[in-house]
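Everything on this sheet refers to the single structure shown next.
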Protein chains: 2
Amino acid sequence: MPVRPSLPVAGQPQPERADAARNRQKIIEVAARLIDEKGAEQLSLDEVARAAGVGVGTVYRRFGDRCGLLRALIDEHERRFQAAFMNGPPPLGPGAPPAQRITAFLHGLVDRIDQQQALFLALEKGGSGARYGGPYRVYRVHLATLIAQARPGADAGFLADALLAPVNANLLCHQRDERGMTTEDIKNGLTDLATAVTSHHP
Amino acid sequence: MPVRPSLPVAGQPQPERADAARNRQKIIEVAARLIDEKGAEQLSLDEVARAAGVGVGTVYRRFGDRCGLLRALIDEHERRFQAAFMNGPPPLGPGAPPAQRITAFLHGLVDRIDQQQALFLALEKGGSGARYGGPYRVYRVHLATLIAQARPGADAGFLADALLAPVNANLLCHQRDERGMTTEDIKNGLTDLATAVTSHHP
DNA sequence: GAGTTAATCGGAGAGTTCTCCGGTTACGAG
DNA sequence: CTCGTAACCGGAGAACTCTCCGATTAACTC
């Protein structure tokens, strides 16, 4: 029988042996500490394994690859953010008009990336095809729904991609570090963009 | 005396020794062939060096890193594209109203990425900080100028980033392969986006 | 041509990511 | 408590990117 990859799907807890769970926890703790000390770019899975007292094979079995480990470190914040825009108070959560919710969401996403900038940068660098799976999918559906409410008839799915695309760690970093923009400049720009998209009459 | 990196700046031909020029040419030819045969992702610089009959150090001396080699392979098309939107016939080149030029530019960029999709994908995967240098800078200035003409007072620089962000190989691939969108769908979406951005009255 | 010098060459090697698989261990069944 | 098995462990090793530096060679001067 083939070994299943055992990458746990979020929200669907998989039975995991006690030693495996212990190792997962230990690896996450060690990785978080090492990233604090030396930055996410410098994180070597070899080193994580050594510091956690496990073999490198164990790290890969638990997290699939380097990006998988980084995602695991991001996961908790992610859940909180998703809860905020799906069930939280307006204007981020339900209750406000779609255009306002879209703007609030984009601003929230900027703040969220800022919180764990180093991790997001490292994750985007890794690339892999998984960039548009998981959280991205959730964001996209959320935005597309709001856009469809504000502008029936438009290609809401594409516009969701278009609003999400400029909110990524690489670009944010570049805009701030090399272009001298502030977070407020960026948020203002996103407000303008979102307003233009939702209020456009073709 | 420190060795200067000798990464040639485009358009500023640097005196290069005959053997060095020969090797650069040979490396580019071999790399192009290997990419045709096995795909850009599978391109190993070790293999390129062996097939070109040079040491691996030579490849790195010439092109700096993996991305540098990929950029060199992209370079010729790049020059043609830049010439087209800076000096070519309208609506891509000068002569058409800004809004139309913006749309034409975005459509042209989609086509351009399609032409060398594999290379762009590999280049984006590599990441590095150089993603916003070189061609990107040119695109950004071009778009920002046009946007400033269409909508004086707006943050044209940011909006240029925002229009460029959704036009990248990773997203285009994703939209087509996993979402079933056609190139036409994407271009229509970009037209809508550009129109919204340039005709918005705050 | 011969000499000088600085750019170039090439391969050994360090540091990574990820794979593979023989040996080990947790845990439910009896 | 014992046993059987599926899941897990860990480290050797393959493949890769990139660095370093002694040996080599192109190109300019005389």
Side-chain angles (χ1 to χ4, degrees), chain A residues 1-8 13-27 30-31 34-35 38-72 122-123 125-130, chain B residues 1-8 13-27 30-31 34-35 38-72 122-123 125-130:
Chain A
M1 190 188 294
V3 174
R4 94 193 110 87
S6 98
L7 283 173
Q14 218 150 342
E16 198 172 53
R17 246 171 59 170
D19 51 349
R22 214 163 30 232
N23 280 336
R24 149 170 289 126
Q25 195 53 36
K26 183 98 193 211
I27 289 168
V30 166
L34 286 178
I35 284 179
K38 314 175 26 180
E41 313 276 329
Q42 305 301 324
L43 187 71
S44 145
L45 295 215
D46 238 336
E47 193 183 0
V48 170
R50 229 177 308 127
V54 302
V56 82
T58 302
V59 178
Y60 282 92
R61 169 172 292 274
R62 282 298 130 238
F63 299 99
D65 62 5
R66 186 190 165 78
C67 288
L69 177 54
L70 296 178
R71 272 194 299 270
L123 204 47
K125 191 164 187 174
S128 74
Chain B
M1 189 187 294
V3 175
R4 94 191 111 89
S6 99
L7 285 173
Q14 217 152 339
E16 197 171 55
R17 246 168 60 169
D19 51 349
R22 216 164 28 232
N23 281 336
R24 149 171 287 126
Q25 196 53 37
K26 181 101 193 207
I27 289 167
V30 166
L34 286 179
I35 285 178
K38 314 175 24 181
E41 313 275 329
Q42 305 301 322
L43 187 71
S44 146
L45 295 217
D46 237 336
E47 193 183 0
V48 171
R50 229 177 309 128
V54 303
V56 84
T58 302
V59 180
Y60 282 93
R61 169 171 291 276
R62 281 296 131 240
F63 299 99
D65 62 4
R66 184 190 166 79
C67 288
L69 177 55
L70 296 178
R71 272 194 298 271
L123 204 48
K125 191 164 186 172
S128 74

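Residue numbers start from 1 in every chain, and the chains themselves are labelled A, B, ... in the order their sequence lines are given, proteins ahead of strands.
The backbone N or O of A/L43 sits less than 3.5 Å from a side-chain atom of A/R66, completing a donor-acceptor pair.
The CG-C1' distance, from A/L69 to C/dT17, rounds to 13 Å in whole Å. Computed from coordinates, the B/I27 CD1 to C/dC9 P distance equals 8 Å when rounded to whole Å. Straight-line distance from the CZ atom of B/R66 to the P atom of D/dT19: 15 Å, rounded to whole Å. The CZ-P distance, from A/R61 to D/dG11, rounds to 15 Å in whole Å. The interatomic distance linking A/F63 (CZ) with D/dC8 (C1') rounds to 14 Å, in whole Å. D/dG10 atom P lies 15 Å from atom CG of A/L45, rounded to whole Å. The separation between B/Y60 atom OH and C/dA12 atom P is 16 Å, rounded to whole Å. Across the protein-nucleic acid pair, B/L70 atom CG and D/dT17 atom C1' stand 13 Å apart, rounded to whole Å.
Note on B/N23: every side-chain N or O is 4.0 Å or more away from OP1 and OP2 of C/dT8. Using a 4.0 Å cut-off, no side-chain N or O of B/S44 falls inside it from OP1 or OP2 of D/dA15.
The two residues A/A31 and A/L69 come nearest to each other via the heavy atoms CB-CD2, 4.1 Å. Between A/Q42 and A/E47, the shortest heavy-atom distance links the atoms O-OE1, 4.4 Å. The minimum heavy-atom distance linking B/R62 with B/A20 is given by the pair NH2-CB, 3.2 Å.
Among the nucleotides D/dA6, D/dT19, C/dC9, the one closest to any side-chain atom of A/R17 is D/dA6. Nearest to the side-chain atoms of B/R62 among the listed nucleotides D/dC8, D/dT19, C/dT8 stands C/dT8. With distances taken from any side-chain atom of B/A18 to the nucleotides C/dT17, D/dA26, C/dT8, the minimum falls on D/dA26. Ranking C/dC9, D/dG11, D/dT17 by closeness to the B/D46 side chain, first place goes to D/dT17. Side chain of A/T58, nearest nucleotide from C/dT17, C/dC9, D/dC9: D/dC9.
Here B/V56 lies in heavy-atom contact (under 4.0 Å) with a base. B/G68 comes within 4.0 angstrom of nothing in the nucleic acid, heavy atoms only.
Using a 4.5 Å cut-off on side-chain heavy atoms (C-beta onward), B/F63 and B/R71 make no contact.
In this structure, A/L43 and A/G57 both approach DNA chain C, and ranking their closest nucleotides by distance from the 5' end singles out A/L43.
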